[in-house]
Student: 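What follows is a structure written as structure tokens; I'll ask about it next.
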Number of protein chains: 2
Amino acid sequence: MGRKRVTLADVARLAGLSQTAASMILTGRPDTRLSAEAHARVHAAAAELGYRPNLAARALRTDKTRTIAFISDVVATTRFANGLIRGTLEAADKAGHVVLLLETGGEPAREVQAIEAALDRQVDGFIFAAMRAREVFVPSLPAANRVVMLNATSRKHPVSVLPDEFEAGRAAIRLLDSAGIREGLALIGHNQVVEEGYFRSETVSRRLAGIRAEMDQRGMSFLAEESCWNWEAAHGYELVKGLLDRRVPVEALLCLNDRLAFGAYQALGEAGLRIPRDMPVVSFDNDELAADLRPGLTTFALPHEQMGQEAVRLLLAPEVEPFEHLIAMTAVLRQSLANIGGAD
Amino acid sequence: MGRKRVTLADVARLAGLSQTAASMILTGRPDTRLSAEAHARVHAAAAELGYRPNLAARALRTDKTRTIAFISDVVATTRFANGLIRGTLEAADKAGHVVLLLETGGEPAREVQAIEAALDRQVDGFIFAAMRAREVFVPSLPAANRVVMLNATSRKHPVSVLPDEFEAGRAAIRLLDSAGIREGLALIGHNQVVEEGYFRSETVSRRLAGIRAEMDQRGMSFLAEESCWNWEAAHGYELVKGLLDRRVPVEALLCLNDRLAFGAYQALGEAGLRIPRDMPVVSFDNDELAADLRPGLTTFALPHEQMGQEAVRLLLAPEVEPFEHLIAMTAVLRQSLANIGGAD
DNA sequence: ATCATCTGCTAAATCCTTTTAGCAATTATG
DNA sequence: CATAATTGCTAAAAGGATTTAGCAGATGAT
């Protein structure tokens, strides 16, 4: 009940040594000359009393808090956040750190507030995460602070972690080709503006660039490129329905994300077309719903969890190359593409 | 560059007053007798220097950190987490607090670790969140700590925030009845064990209890109750396909969650049945996918965001009734149920 | 024997606030 | 007019760690 917190002084007293000695021993200083016996006594005393250092006091002295700030634009609307946060949490935990979660809604004013709140608490580093990979405005920070951009890029802060979209684009084409699909392929969700990288997603433009590069190399080309602004299920439905209504002789779909693919499934279902027999479908993201679709959707997974882990690793590493760190997107093979040995 | 952090002493010096005065003025103490002029000078000095208090120092002195710990079993697997976290973040932000996010995977050892990490950082309160509402084991905490259970219950900690599942169950039946559906109704996802509340979900058993209570009152009963253990899309598919194969003359489906409903859609689609004309569907959760289904799924929304907000409110309120605080689940009307003025 | 070096340890300062106790001058009270 | 109360403010302690500077005794070098 009324027992006060155990302090270092208590430990020192029980061990019969000075606070200095206790501190040095417990923090594991390297070149101290304290005896083995002193070490043993201090550790024993700490264990006996259940000593836990007061981190506020330590922070006051050392300016280190073993806390990292995760500042994201939106946790809310997107299920993508989960993986990034989970990976971050996991890696932080392993490194004995803890995560302060802050959300800005992408509004500069709230970004400034969030940064100040984090600075006030003397976090050891910042992870700025965007839910759609893009160039993010980051208000200026005292130079000493370490920053990693997660699923985002920034002029000021060159260390960033991104999915390897270009390579995924290439791999998707290779996968289709190796399944015997070289013609009659429709691209669902092409968007000129996105492709040029002006808006929304830095990386999705690379996804497309990878697709086109690999197709060029193999002498392939799209039979149709259906374009839309947003990439929701409803848009996928409309685009594919349009294709079918116009009787374009499409033989396979490459959807730019899983929600578009979901919409495509709906349109194909209504038209009585079977996947993959009548129409194989390949997509990107590995959204949760990809596994729930019937048949399961073959898709290239955004490696969010690994990205979160990598961000923490970079943040805490003694030194780091100031580059983009690309994480591979692996194919998740399901039944929407036939002739391929499938896994879950 | 090399400029050090501005401290309270700097502010006091510039204002020509003592640190004590500066502290009292900036923390807005009520009954101090400092002159209006002193107030003005201190505020001016603080503004001029861009003073921000060192929260570590303050925490050391006051034991308050304006930080709350959000300890959850799983952020990962479930999209439900988003709403809870977002609501928490929002309300915390409004109250000038910040959120430490910790994940335990439901493992007691990690729970203990997470609590210690949070205690070490002197958080002002704990929110324990479970992704499926249930009784959660919480390792013992120093009695002084405030605790709110979010989407969870605990013997030790009586303040909890839960969705009002019972009432939602009743409302679902009322909604079906008012749409003219009184017979031929099938329940998808019934599960004896869940209903008795032994496992997984404290609240889903109430959902069922509400359904049954309202049906009894109206003299209604189910034509079929299809039971399964897990509530994934695949199970919904199997159950509904089974019903159709057995030619049970079902006229409407009440699914216990949206993923089951998703599976039901798939089975109905394959059988060539139209929703809602041939088969209306009503469900629970308002999962993200409910809006993306065709037709849109009418469902009772889990009010996760409000729940998160309420949890913070309760945590920071001066005093609180040690009860369950139930948050209403509102109907989201879409096209899967006809004869009802539909929204969105 | 003398001086330097090493060994094993500690006293005290420091980080930055908040808070307690109290001082000196002024005003009110009997 | 003496005493009490009020006003407006400050010095110093406290909170719990880390770190700097340095002490006393033992050992080694010359």
Side-chain angles (χ1 to χ4, degrees), chain A residues 3-43 45-46 49-67 96 119-124 144, chain B residues 3-43 45-46 49-67 116 119-122 124 142 144:
Chain A
R3 281 219 320 286
K4 310 186 77 171
R5 227 162 178 287
V6 175
T7 76
L8 187 61
D10 299 327
V11 173
R13 199 172 311 122
L14 179 60
L17 287 166
S18 71
Q19 238 189 88
T20 310
S23 171
M24 285 169 153
I25 287 169
L26 290 177
T27 52
R29 269 228 197 164
D31 51 351
T32 182
R33 298 180 306 244
L34 295 161
S35 67
E37 207 226 319
H39 280 256
R41 286 220 306 276
V42 167
H43 281 122
L49 297 176
Y51 170 69
R52 308 222 91 216
N54 180 325
L55 293 194
R58 178 179 289 176
L60 180 58
R61 191 67 238 261
T62 62
D63 259 33
K64 300 247 165 299
T65 53
R66 302 188 83 73
T67 301
L119 283 175
D120 289 350
R121 287 168 181 80
Q122 330 229 74
V123 298
D124 295 344
Chain B
R3 281 220 319 286
K4 309 185 75 169
R5 227 163 179 287
V6 175
T7 77
L8 186 62
D10 299 326
V11 173
R13 200 173 311 124
L14 180 60
L17 286 165
S18 71
Q19 242 190 80
T20 308
S23 171
M24 285 170 152
I25 288 169
L26 289 178
T27 53
R29 268 232 197 160
D31 53 350
T32 182
R33 300 180 305 245
L34 295 161
S35 67
E37 207 225 320
H39 279 256
R41 285 219 308 277
V42 167
H43 280 122
L49 298 177
Y51 170 70
R52 308 222 90 216
N54 180 324
L55 294 193
R58 177 179 289 176
L60 181 58
R61 190 69 235 259
T62 62
D63 259 34
K64 298 247 163 303
T65 53
R66 301 188 82 73
T67 301
E116 287 184 342
L119 283 175
D120 289 349
R121 287 168 181 81
Q122 331 228 75
D124 295 343

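Below, chain A is the first sequence line, B the second, and so on; all start at residue 1. Side chains are part of it too, since the values below use all heavy atoms of this structure and drop only hydrogens, waters and symmetry mates.
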Student: Once you round it to whole Å, what is the distance between P of D/dG16 and CG of A/Leu49?
Tutor: 14 Å
Student: Can you tell me the distance, in whole Å, between the CD atom of A/Gln122 and the P atom of D/dT18?
Tutor: 15 Å
Student: Applying a 4.0 Å non-hydrogen cut-off, can you work out what B/Ser35 is touching in the nucleic acid: base, sugar-phosphate, or nothing?
Tutor: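 Contact class for B/Ser35: sugar-phosphate only.
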Student: Just how far, in rounded Å, is P of D/dG15 from CG of B/Leu8?
Tutor: 19 Å
Student: Does A/Arg52 or B/Ala36 map to a spot on DNA chain D nearer the 5' end, using the closest nucleotide for each?
Tutor: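 In this pair, the answer is B/Ala36.
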Student: How sharply is the helix from C/dA1-D/dT30 to C/dG30-D/dC1 bent, taking the axes over five pairs at either end and rounding to 10 degrees?
Tutor: 50°
Student: For A/Ser23, report the nucleic acid contact type (base, sugar-phosphate, nothing); a contact means any heavy atom under 4.0 Å.
Tutor: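 The answer is base, as A/Ser23 lies within the cut-off (heavy atoms under 4.0 Å) of a base atom.
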Student: Under a 4.5 Å cut-off applied to non-hydrogen side-chain atoms, are B/Leu55 and B/Thr65 in contact?
Tutor: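 Not touching, per the 4.5 Å side-chain cut-off.
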Student: Can you give me the closest heavy-atom contact between A/Ala56 and B/Gln122, atom names plus distance?
Tutor: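 Taking every non-hydrogen atom into account, CB-NE2, 3.6 Å.
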Student: If you look at every heavy atom in A/Leu49 and A/Leu14, which pair is closest and at what distance?
Tutor: CG-CD2, 3.9 Å
Student: What heavy-atom pair brings B/Val6 and B/Tyr51 nearest, and what distance separates the two atoms?
Tutor: O-CD1, 3.5 Å
Student: Students often get this wrong, so: under 4.0 angstrom with heavy atoms, is A/Leu55 touching a base, only sugar-phosphate, or nothing?
Tutor: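 Here A/Leu55 touches no strand at all.
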Student: Measure from CG on A/Leu26 to P on D/dA17 and round the result to the nearest Å.
Tutor: 10 Å
Student: Which of these nucleotides, C/dT18, D/dG22, C/dT10, is closest to any side-chain atom of A/Arg33?
Tutor: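 Minimum distance to the A/Arg33 side chain belongs to D/dG22.
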Student: Is any side-chain N or O of A/Arg29 closer than 4.0 Å to OP1 or OP2 of D/dT19?
Tutor: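 Answer is yes, contact under 4.0 Å.
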Student: So does A/Thr7 get a side-chain nitrogen or oxygen closer than 4.0 Å to the phosphate oxygens (OP1/OP2) of D/dG16?
Tutor: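 Indeed not, no polar side-chain atom of A/Thr7 lies that close.
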Student: Which side-chain N or O atoms in residues 17-26 of chain A pair as donor and acceptor under 3.5 Å with protein atoms at least two apart or in another chain?
Tutor:
unit_1  : atom_1 : unit_2  : atom_2 : d
A/Ser18 : OG     : A/Thr20 : N      : 3.4
A/Ser18 : OG     : A/Ala21 : N      : 3.1

Student: Is the phosphate of D/dA17 approached by A/Tyr51 (side-chain N or O, under 4.0 Å from OP1 or OP2)?
Tutor: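 Looking at the OP1 and OP2 atoms of D/dA17, one of them is under 4.0 Å from a side-chain N or O of A/Tyr51.
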Student: Just the rounded figure in Å: distance from P of D/dT7 to CE of B/Met24.
Tutor: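 So the CE-P distance, B/Met24 to D/dT7, works out to 15 Å.
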Student: Roughly how many Å is it from CZ in A/Arg5 to C1' in D/dG15, rounded to a whole number?
Tutor: 12 Å
Student: Please test B/Arg121 against A/Thr67 for side-chain hydrogen bond (donor to acceptor under 3.5 Å, both in side chains), starting from the C-alpha separation and ending with a verdict.
Tutor: CA-CA 9 Å; B/Arg121 287 168 181 81; A/Thr67 301; 3.3 Å; yes
Student: List the steps, then state whether salt bridge (Lys or Arg N to Asp or Glu O under 4.0 Å) holds for A/Lys64 with A/Asp124.
Tutor: CA-CA 6 Å; A/Lys64 300 247 165 299; A/Asp124 295 344; 5.2 Å; no
Student: Tell me the closest heavy-atom pair linking B/Glu116 and A/Arg52, and the distance in Å.
Tutor: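 Taking every non-hydrogen atom into account, CB-NH1, 3.1 Å.
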Student: Starting at CG of A/Asn54 and ending at P of D/dA14, how long is that distance when rounded to a whole Å?
Tutor: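 Result: 17 Å.
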Student: How long is the line joining CD of A/Gln19 and P of D/dT18, in whole Å?
Tutor: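 Between P of D/dT18 and CD of A/Gln19: 9 Å.
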Student: Could you measure the distance from the CZ atom of A/Arg58 to the CG atom of B/Asp120? Nearest 0.5 Å is fine.
Tutor: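 It is 8.5 Å, given to the nearest 0.5 Å.
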Student: Donor-acceptor pair under 3.5 Å: do we get one between B/Thr20's side chain and the base of D/dA11?
Tutor: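 Checked by distance alone, the answer is yes.
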Student: Where along residues 56-67 of chain A does a heavy atom fall under 4.0 Å from DNA chain C?
Tutor: A/Leu60, A/Arg61
